[in-house]
Amino acid sequence: MDQPDDQPEDVVPILVVDDHDENLVAMRGILGRPGYRLVTARSGNEALKHVLKDDFAVILLDVLMPGMDGFETAGLIRTREASRHTPIIFLTAAGADLAMVERGYAVGAVDYLFKPLNAEMVRAKVGVFVDLFRKARQMRRQEELLRTAERDRNAAAIRESEALYEASFNGAAVGIAHVTSDGRWLRANPRFAQTIGYGPADLLNMHIADVVHPVDLTDDRVGLRRLFEGELDTYRREERYLHKDGHVVWVDQTVSPLRDASGKVKNLIFLIEDITNRRDAKKRERLLAGVSQLLLQSLDHPADMAGVAKLVVGSLGEWCVIGTIEGREGRERPTGKPAVAHADPRLAASADRLRSALAVSAAYAGSLTSRTTLTSLTANADLRAAWNVDGALLAELGVNVALSLPFVTHDRVLGRVTFLSAEAFGPGEVLTAHDVTQRIALALDNARLHREAEDAVRARDEFLSIASHELRTPLTPLRIQFQRMLDERGQLVVGRAERMQPILQRCERQVRRLETLIENLLDVSRITTGKMSLEVSEVDLGAVVRDVIFRFSRELAAAGCQLSLSLGDDGALVGRWDRLRMEQVVTNLVGNAIKYAPGKPIEITVSPGDAFGCTARLTIRDHGTGIPPSDLERIFQRFHRVVAASSISGLGLGLFIAKQIVDAHGGSISVESSGEGTQFVLDFPLRGTVEATPIPPDGGQKISMGSHPGPGPALLGLNDPGVWS
Ligand code: ADP
């Protein structure tokens, strides 16, 4: 029996069924040609087995066979779907009756061949079916090819569209995420995850409640439910998400349903755009405009601080504490109680308690002079340490995060503002906080400059009145002396020289007094314009002091002051100094001692200032009523006077000029005072060149004394001896 074998595709299988081998052999002879694959079977059963396995172009089926005859076999072949239309040619002996032929057609025969077979006829009939089979097979193949091509095209299109979708999803400039009906993130694109500080994979284990701010979640839940129920097509709002760091991210969120093939809402698509910067910028603009307006309204800063604190809470955290300081550098103190504002009116009592606690906290007062920026995510613990206030009180505030920034201008610290919040500050908020801080610092600085300008104007007015008084004072005795020399008609009274001499001496003293006053005024002007210079030469400090004391002999006696001078045993202390300016300094200090401590002893010491012979020290000590501590620093400022102008005359310039001269020599002057007297200590360098020492004058300009030749007048101190009578 022939078996189907692996033959080329265009080889056509033909089944021949006959129980007689000789017939099969004969058929092989007739149909054995290239392109045909003859399969033979000797019974109906065997034929059916082949039909199950192969698809034949035609079946040549003997009618009369033992067992299952041809008709029965044909019937069974027709019952099988694959062979229902396989052409069957019955082989029968010539002379078969018509009934049998009809029966053959009834079971699906397409033709009959009568034995003995005519080879040509067999080949012709089989050839027709083989052609048909081949065409059908070709058509099927073409169809198959078309289908494969179509499938390939479809698959490529699907791949392309999937890739396009992936690329758009992953590369989108907006955040895209899918959410399941139970609120879990199904997938998220990188932008979405990035917006809230996560990686796309992190979100897969999370729920929308882990991302949406609790305040917005309730509304979201309602909106999302309505989307699932088909009541809404889209749901859009600006809302807060929580960044992984804890800070708030504002997003413009649009949610729409993702339906399955049946139209049922399966998941939701979230589209988000980060609008934090936009909102922050708007908010910042509004806030800064408000703060500026408030600060500009008044230069009275403590009142403003409460307003500013109130304005910023809500926008920059829930609490705001502002503390400012006043006083000169190194001696700063808080300006009253700090401003404490809060966003929740129910916490007014806590705010009051915090204000009172901070007002008495030395740690808080100390923090106001610090330049450090504090950023804390454990605000309670950190502030308890920084402010030294009760932990329970801080806990009442309900804050976790603190951002504390100093007010710094012109390199000076003027206080600090502390923003407190339950949640972390976003980058935009931090920027705004810095802007607000800077504006407050500028406003404080302006207020300070304003106060200083006012003080300066007041001091100038006061000075003008004192100066005019002082300048007029010598004129009266001068006029009296002149009158004594002239009679009623204006004629010179001719008298003896002994009578005229004291009168002229008194006149000379008043003129010198005037000269000294004017010289001092000129000195101040030279110092502030940088035009004062030193004329240095080898000078012995002890000799300078001795000369000045000698000139004061009359005044010391008149004031009843006992003066003791100690020059030490170390020999002369000689430096390169400006002798006249040194005399001017000593004259001012000795004159002050006589003026402010009359009737009391004065001790003056000249000694080495250190063990290495680098400095010479001059100490002048009196036993007067002293200078109050609050004035100690200011006595070296221009026009500053502790005493009333009416009680002891003076312009308030002597110490200012003295300090400028000492500084210009590279030396130092300091003062100590108590109720029992005052001591000035002056140190002068014995080595180094004074010429190269640029000294910024108190007036704010730099002068380089000795760098250009000065007028070099015979300068005397303001408290020049001989001017008091
Ligand atoms: P003036 O003596 O003209 O007022 P000064 O500049 O010399 O100006 O001194 C400034 C102020 O310092 C004085 O007005 C006085 O109040 C205070 N003062 C200076 N020296 C003494 C002193 N030895 N004892 C007490 N007060 C002093």
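Counting starts at 1 for both ligands and their atoms, in listed order.
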Which atoms of ligand 1 have any heavy atom of [X] under 4.0 Å away?
X	answer
Lys595	1 (P), 2 (O), 3 (O)
Gly650	3 (O)
Leu653	6 (O), 8 (O)

Residue Gln481 excluded, over 12 heavy atoms near CD under 6.0 Å |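 Result for CD/Gln481: enclosed.
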
More than 12 heavy atoms from other groups under 6.0 Å of CD on Glu676 | no

Could you tell me whether [X] and ligand 1 have an N or O pair separated by under 3.5 Å?
X	result
Asn592	yes
Gly626	no
Phe656	no
Ile635	no
Gly652	yes
His640	no

Out of curiosity, Gln510 CD to Gln505 CD, how far, rounded to the nearest 0.5 Å?
->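 Answer for the CD-CD pair, Gln510 versus Gln505, is 12.5 Å.
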
Point-to-point distance, once rounded to the nearest 0.5 Å, from CD1 of Ile627 to CG of Leu632 = 6.0 Å

Using 4.0 Å as the upper bound for N to carboxylate O, is an ion pair formed by Arg551 and Glu583?
->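 Salt bridge present between Glu583 and Arg551.
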
Which one holds for [X] and ligand 1: side chain close, backbone close, both close, or neither close, with close meaning a heavy atom under 4.0 Å?
X	value
Asp622	side chain
Ile627	side chain
Thr678	side chain

Sequence neighbours excluded, the answer for salt bridge (charged side-chain N to carboxylate O under 4.0 Å, His left out) partners of Glu488 is none

Can you name the salt bridge (charged side-chain N to carboxylate O under 4.0 Å, His left out) partners of Asp382, sequence neighbours left out?
-> none

Check His410, His450, Arg412 against Asp445 for a side-chain hydrogen bond (donor to acceptor under 3.5 Å, both in side chains) and give me the one that passes.
-> His410

